[in-house]
Participant: 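Sharing a structure below in structure tokens format, with a few things to ask.
Here is the naming used below: chain letters follow the sequence lines, and residue numbers restart at 1 for every chain. Everything numeric in this text was worked out from a predicted model, so none of it was measured.
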2 protein chains.
Amino acid sequence: MSRPAEISQEELIAVATLVTARLGPAATSIAAVSKAAGIPTGSIYYRLPSRDALLAEIWLSAAERFQALALEKFRAARSLDEAAEAALVTPRFAREQHAAAVVLNSHRREEFLRAGVPEAYRARAAKLAAEMRDGIAAIAERLLPGDPRAKEIIAVALIGIPLGAVRVFLPQAVPPMEIDAAIEAAVRAALGAQ
Amino acid sequence: MSRPAEISQEELIAVATLVTARLGPAATSIAAVSKAAGIPTGSIYYRLPSRDALLAEIWLSAAERFQALALEKFRAARSLDEAAEAALVTPRFAREQHAAAVVLNSHRREEFLRAGVPEAYRARAAKLAAEMRDGIAAIAERLLPGDPRAKEIIAVALIGIPLGAVRVFLPQAVPPMEIDAAIEAAVRAALGAQ
DNA sequence: ACAGTATTAGAATATATATTCTAAATAATA
DNA sequence: TATTATTTAGAATATATATTCTAATACTGT
């Protein structure tokens with residue numbers, strides 16, 4: 001019934017994610033994205049209301065993918081050892097979805113979810129944050145019952161440490177397989193250290 | 001002999017560092033910095049040739065301070081246990097120099113050292129990078145002799161892991177004291193894991 | 001074939017902000 | 001007290017880029 005789009009919304013976000021991984025969110029201009037996607041600047045405004053919305057989509061699509069993987073693994077862990085193994089989801093994600101990992105790991109969330117972003121995006125971000133908070137709390141209760149600092153320890157061990165290890169190699173390279181053993185050992189030690 | 005400046009170059013960089021820690025490098029405009037410093041926009045150009053130079057100064061001053069502390073500690077470590085203790089320089093720096101830690105830890109170096117930055121800044125950054133690379137190599141040779149992956153392990157353990165742990169709390173908060181034990185245990189485990 | 005519609009295409013406009021410029025102000029020195 | 005160098009002060013200009021607008025296009029269903 002109408003002229004077909006050169007590129008779907010999903011493909012557009014994927015291209016924009018690559019641009020952001022290479023140049024950073026500040027340099028992710030409408031012109032840069034439209035050039036990378038091979039479509040005119042005006043066309044982007046048929047998919048998204050503003051540049052702020054584009055940046056929010058880039059971050060949210062990366063975060064939703066990573067978080068779904070991570071929480072699934074974390075929820076399945078029945079022991080500290082299994083939790084340490086689950087923490088390897090982070091280096092694996094960085095290998096398989098490099099650009100998304102750079103977006104999440106080498107930049108601040110605030111650079112993508114800016115002040116003027118439409119409420120719908122804000123709601124998606126709030127839902128993600130609540131899910132992660134609840135997930136952390138549940139694991140803390142299950143694996144470190146009675147520990148008053150359990151949530152901080154879990155967040156540091158399962159999120160902070162693997163992310164930091166991976167970040168040594170991002171954004172230029174991919175984390176080598178050899179560091180996974182170090183990450184797993186480190187996470188296990190952090191979980192057992194309180 | 002002349003009208004005195006309202007603010008010294010060091011104070012200007014300190015104010016700009018606070019602005020960047022709060023708003024990020026992209027929002028660190030000349031107007032935002034001059035407003036925070038209480039001086040007119042034009043005055044900033046008497047100290048620095050451009051906004052790119054300002055951003056470079058912000059990053060370099062933070063990085064030089066952190067790296068001097070970190071390399072001193074790392075060089076003094078004579079065992080894996082001492083190295084693990086030395087890694088606590090990262091959470092301590094985050095507590096004592098919060099804004100500088102946010103600049104270094106919550107943003108990419110490339111956002112500060114941009115394409116158009118004068119060569120002098122580029123040279124300072126290159127010197128820092130070389131010093132860190134040499135420092136890591138020396139520690140790797142000393143503490144993990146013969147290990148082909150020693151440099152990666154040392155970088156992940158002494159830099160990546162503590163930075164990642166601290167980043168769970170930045171930029172809003174300061175890392176609580178309680179996580180230092182987890183960091184030290186994690187670093188020790190990562191060092192001993194190959 | 002034709003009408004209808006979403007999209008392309010890219011120029012025009014608006015806006016934000018980096019940078020430059022002119023004049024006035026300030027303090028040390030002669 | 002007059003001179004001089006430096007900085008303040010903030011307006012003017014330049015530039016980059018987000019957003020809007022008009023027209024042309026390409027496909028689908030009738």
Participant: Just by distance, do the side chain of A:E152 and the backbone of B:P176 share a donor-acceptor pair under 3.5 Å?
Facilitator: no
Participant: Nearest whole angstrom, please: distance from the C1' of D:dT7 to the CD1 of B:I39.
Facilitator: 10 Å
Participant: Measure the distance from OH on B:Y46 to C1' on D:dA5 and round it to the nearest whole Å.
Facilitator: 11 Å
Participant: For the side chain of A:S43, starting at C-beta, report the closest nucleotide among D:dG10, D:dT7, C:dT8.
Facilitator: C:dT8
Participant: Note down the inter-axis angle between the two ends of the helix from C:dA1-D:dT30 to C:dA30-D:dT1, five pairs each, to the nearest 10°.
Facilitator: 10°
Participant: State, with a plain yes or no, whether a side-chain heavy atom of B:W59 is found less than 4.5 Å away from one of B:H107.
Facilitator: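 Not touching, per the 4.5 Å side-chain cut-off.
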Participant: First locate atom CG of B:L60, then atom OH of B:Y121, and finally report the distance between them rounded to the nearest 0.5 Å.
Facilitator: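 Between atom CG of B:L60 and atom OH of B:Y121 there are 8.5 Å.
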Participant: Are A:R47 and C:dT8 close enough that a side-chain N or O sits under 4.0 Å from OP1 or OP2?
Facilitator: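 Yes, within the criterion.
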Participant: Using whole Å, what does the distance between atom P of nucleotide D:dT7 and atom CG of B:L48 come to?
Facilitator: 12 Å
Participant: How many angstroms lie between OG1 in B:T90 and CZ in B:R167, if you round to the nearest 0.5 Å?
Facilitator: 13.5 Å
Participant: Output all residues satisfying ring-ring contact (aromatic ring centres under 6.0 Å, His included) with B:F66, sequence neighbours left out; order by chain, then residue number.
Facilitator: B:F93
Participant: With a 4.0 Å cut-off on N to O distance, would you call A:E111 and A:R108 a salt bridge?
Facilitator: no
Participant: Encode nucleotides 11-18 of chain D as B, S and - characters from 5' to 3', where the letter depends on protein heavy atoms closer than 4.0 Å: B to the base, S only to sugar-phosphate, - to neither.
Facilitator: B------S
Participant: Say you draw a straight line from CD1 of B:I154 to CG of B:L144; how long is it, rounded to the nearest 0.5 Å?
Facilitator: 4.5 Å
Participant: Can you name the side chain to side chain contact (heavy atoms under 4.5 Å, CB included) partners of A:Q9, sequence neighbours left out?
Facilitator: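 A:Q9: side chain to side chain contact (heavy atoms under 4.5 Å, CB included) contacts with A:I13, A:R47, A:L48, A:E57.
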Participant: Mind listing the residues from residues 7-18 of chain A sitting with a heavy atom below 4.0 Å of DNA chain D? Number order is fine.
Facilitator: none
Participant: Mind checking side chain to side chain contact (heavy atoms under 4.5 Å, CB included) for A:R22 and listing every partner two or more places apart, or none if nothing turns up?
Facilitator: none
Participant: Answer yes or no: is there a side-chain heavy-atom contact under 4.5 Å between A:I179 and A:F169?
Facilitator: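 The answer is yes; the side chains approach within 4.5 Å.
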Participant: Start with the C-alpha distance between A:R92 and A:V89, add both sets of side-chain angles, then the distance that settles side chain to side chain contact (heavy atoms under 4.5 Å, CB included), and finish with yes or no.
Facilitator: CA-CA 5 Å; A:R92 288 178 185 142; A:V89 69; 5.7 Å; no
